[in-house]
K.L.:
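I have a structure here, written as structure tokens, and I will follow up with some questions on it.
Only heavy atoms go into these numbers, but all of them, side chains included; no hydrogens, no water, no symmetry mates. Counting begins at 1 with the first residue of the sequence.
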Amino acid sequence: MIYGYARVSTKGQARDGNSLSDQKEKLKAAGAEKIFVDSFTGTKLDRPQFDKLKSLMRSGDTLVVTKLDRIARSANQGSSFVQEMIARGVRVHVLNMGMMDNTPTGKLIMNVMFAFAEFERDMIVQRTQEGKEIARQKKDYHEGRPRLSIDYEVLEKFREKQKGGELTIEQCCKRLGISRTSWYNYTRK
């Protein structure tokens, strides 16, 4: 059986051919008969569909991924996973690199590529932290989402209707365009 695995970090990810639809298309073209999909960070090896896939694969099966970083971002995690698959008799085919095997050259290439994937992720984290540090220097900086400005007189009218049983909290939130959490935060004041 040829299994495919596609992963994005966020549901909205659609750049550089990494969208789920782009990955699935490439996996099908490579012969994947069944494709598993996750929208989950690559730093964790415990992902719902990935776990399901790992339990299904048997000796003689092939796992196809578009890029090495779809499996993992950590060199240690990725290398361990590929080695585990090879030990179980599962071939790992990385479309932009080729077939992973247990030869000395195969091991070297795999470890170098995982090291680059981990380096890339670390650089993204570092740039994000640097950007936040620069933003914190601004006087109007606020961590997290900006607070909604809400008319408290209107909110109070909805609160009275909710307390009187005319509207549910859900109906109030929908009409005000706020979340349930925001409702509770605003009505506590």
K.L.:
I need the minimum non-hydrogen distance between A30 and L95, along with the two atoms involved.
P.N.:
CB-CD2, 3.6 Å

K.L.:
Calculate, to the nearest 0.5 Å, the distance between atoms SG and CD belonging to C172 and E160 respectively.
P.N.:
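So the gap between those two atoms works out to 11.0 Å.
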
K.L.:
Quick check: does any side chain N or O of N96 sit under 3.5 Å from a backbone N or O of K67, one acting as donor and the other as acceptor?
P.N.:
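Judged by distance alone, no pair lies under 3.5 Å.
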
K.L.:
Looking only at heavy atoms, which two atoms of L63 and V90 are closest? And how far apart?
P.N.:
N-CG1, 4.2 Å

K.L.:
With rounding to the nearest 0.5 angstrom, report the NZ to OG1 distance, K26 to T66.
P.N.:
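Separation between the atoms: 6.0 Å.
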
K.L.:
Hey, could you give me the OG1/CE distance between T62 and M99, rounded to the nearest 0.5 Å?
P.N.:
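So the gap between those two atoms works out to 5.5 Å.
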
K.L.:
Hey, is the main chain of I2 close enough, under 3.5 Å, to the side chain of E33 for a donor-acceptor pair?
P.N.:
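Present.
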
K.L.:
Hey, what's the ring geometry for Y186 with Y152, parallel, tilted or perpendicular (30° and 60° as the breaks)?
P.N.:
perpendicular

K.L.:
Spell out, yes or no, whether F116 and L108 are grouped together once hydrophobic residues are joined by side-chain heavy atoms under 4.5 Å, including indirect joins.
P.N.:
yes

K.L.:
Check the hydrophobic clustering (I, L, V, M, F, W, Y; side-chain heavy atoms under 4.5 Å; chains of links allowed) and say if L56 and F81 are grouped together.
P.N.:
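Linked within one cluster.
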
K.L.:
Which residues pass the salt bridge (charged side-chain N to carboxylate O under 4.0 Å, His left out) test with R136, sequence neighbours left out?
P.N.:
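Partners of R136 by the salt bridge (charged side-chain N to carboxylate O under 4.0 Å, His left out) criterion, ordered by chain and then number, come out as E133, E143.
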
K.L.:
Please say which of R70, R47, Q49 ends up in a side chain to side chain donor-acceptor pair (under 3.5 Å) with Y5.
P.N.:
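So the option named by the test is R47.
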
K.L.:
Minimum heavy-atom separation for Y141 to A135, with atom names?
P.N.:
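Y141 and A135 have their closest heavy atoms at CB-O, 3.2 Å.
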
K.L.:
Indicate the atoms forming the closest heavy-atom contact of L53 with G4, along with that distance.
P.N.:
CD2-O, 4.4 Å

K.L.:
Are the side chain of R91 and the backbone of G60 linked by a donor-acceptor contact shorter than 3.5 Å?
P.N.:
yes

K.L.:
Tell me the closest heavy-atom pair linking K24 and A6, and the distance in Å.
P.N.:
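Closest heavy-atom pair between K24 and A6: CG-CB, 4.5 Å.
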
K.L.:
Given the rule that I, L, V, M, F, W and Y join up when any side-chain heavy atoms are under 4.5 Å apart, are L167 and V154 in one cluster?
P.N.:
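Yes, L167 and V154 fall within the same hydrophobic cluster.
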
K.L.:
Where is the tightest heavy-atom contact between Y184 and I169, given as atom of each residue plus distance?
P.N.:
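It is OH-CD1, 3.2 Å.
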
K.L.:
For the CD1 atom of I71 and the CE atom of M85, what is their distance to the nearest 0.5 Å?
P.N.:
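So the CD1 of I71 and the CE of M85 are separated by 9.5 Å.
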
K.L.:
Does the side chain of S19 come under 3.5 Å of the side chain of S21 through a donor N or O and an acceptor N or O?
P.N.:
yes

K.L.:
Drop me the distance from L20's CG to I35's CD1, to the nearest 0.5 angstrom.
P.N.:
10.5 Å

K.L.:
Quick check: do Q23 and V8 have side-chain heavy atoms less than 4.5 Å from each other?
P.N.:
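Of all side-chain heavy-atom pairs linking V8 with Q23, at least one is under 4.5 Å.
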
K.L.:
Considering residues, nucleotides and ligands other than Q137, do more than 12 of their heavy atoms fall under 6.0 Å from its CD?
P.N.:
yes

K.L.:
Would you mind telling me which of R121, R127, Q126 makes a side chain to side chain contact (heavy atoms under 4.5 Å, CB included) with I124?
P.N.:
R127

K.L.:
How far apart are the C-alpha atoms of Q171 and F158, what are their side-chain angles, what is the distance that settles it, and do they pass the side chain to side chain contact (heavy atoms under 4.5 Å, CB included) test?
P.N.:
CA-CA 9 Å; Q171 291 169 326; F158 275 95; over 6 Å; no

K.L.:
Please say yes or no: joined through hydrophobic side-chain contacts below 4.5 Å, possibly via intermediate residues, are V94 and M1 part of one cluster?
P.N.:
yes

K.L.:
F50 versus R7: any side-chain heavy-atom pair under 4.5 Å?
P.N.:
no

K.L.:
Answer yes or no: does atom CD of E84 have more than 12 heavy-atom neighbours from other residues, nucleotides or ligands under 6.0 Å?
P.N.:
yes

K.L.:
Is W183 close to L155 at the side-chain level, that is, under 4.5 Å between some pair of heavy atoms?
P.N.:
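They are in side-chain contact.
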
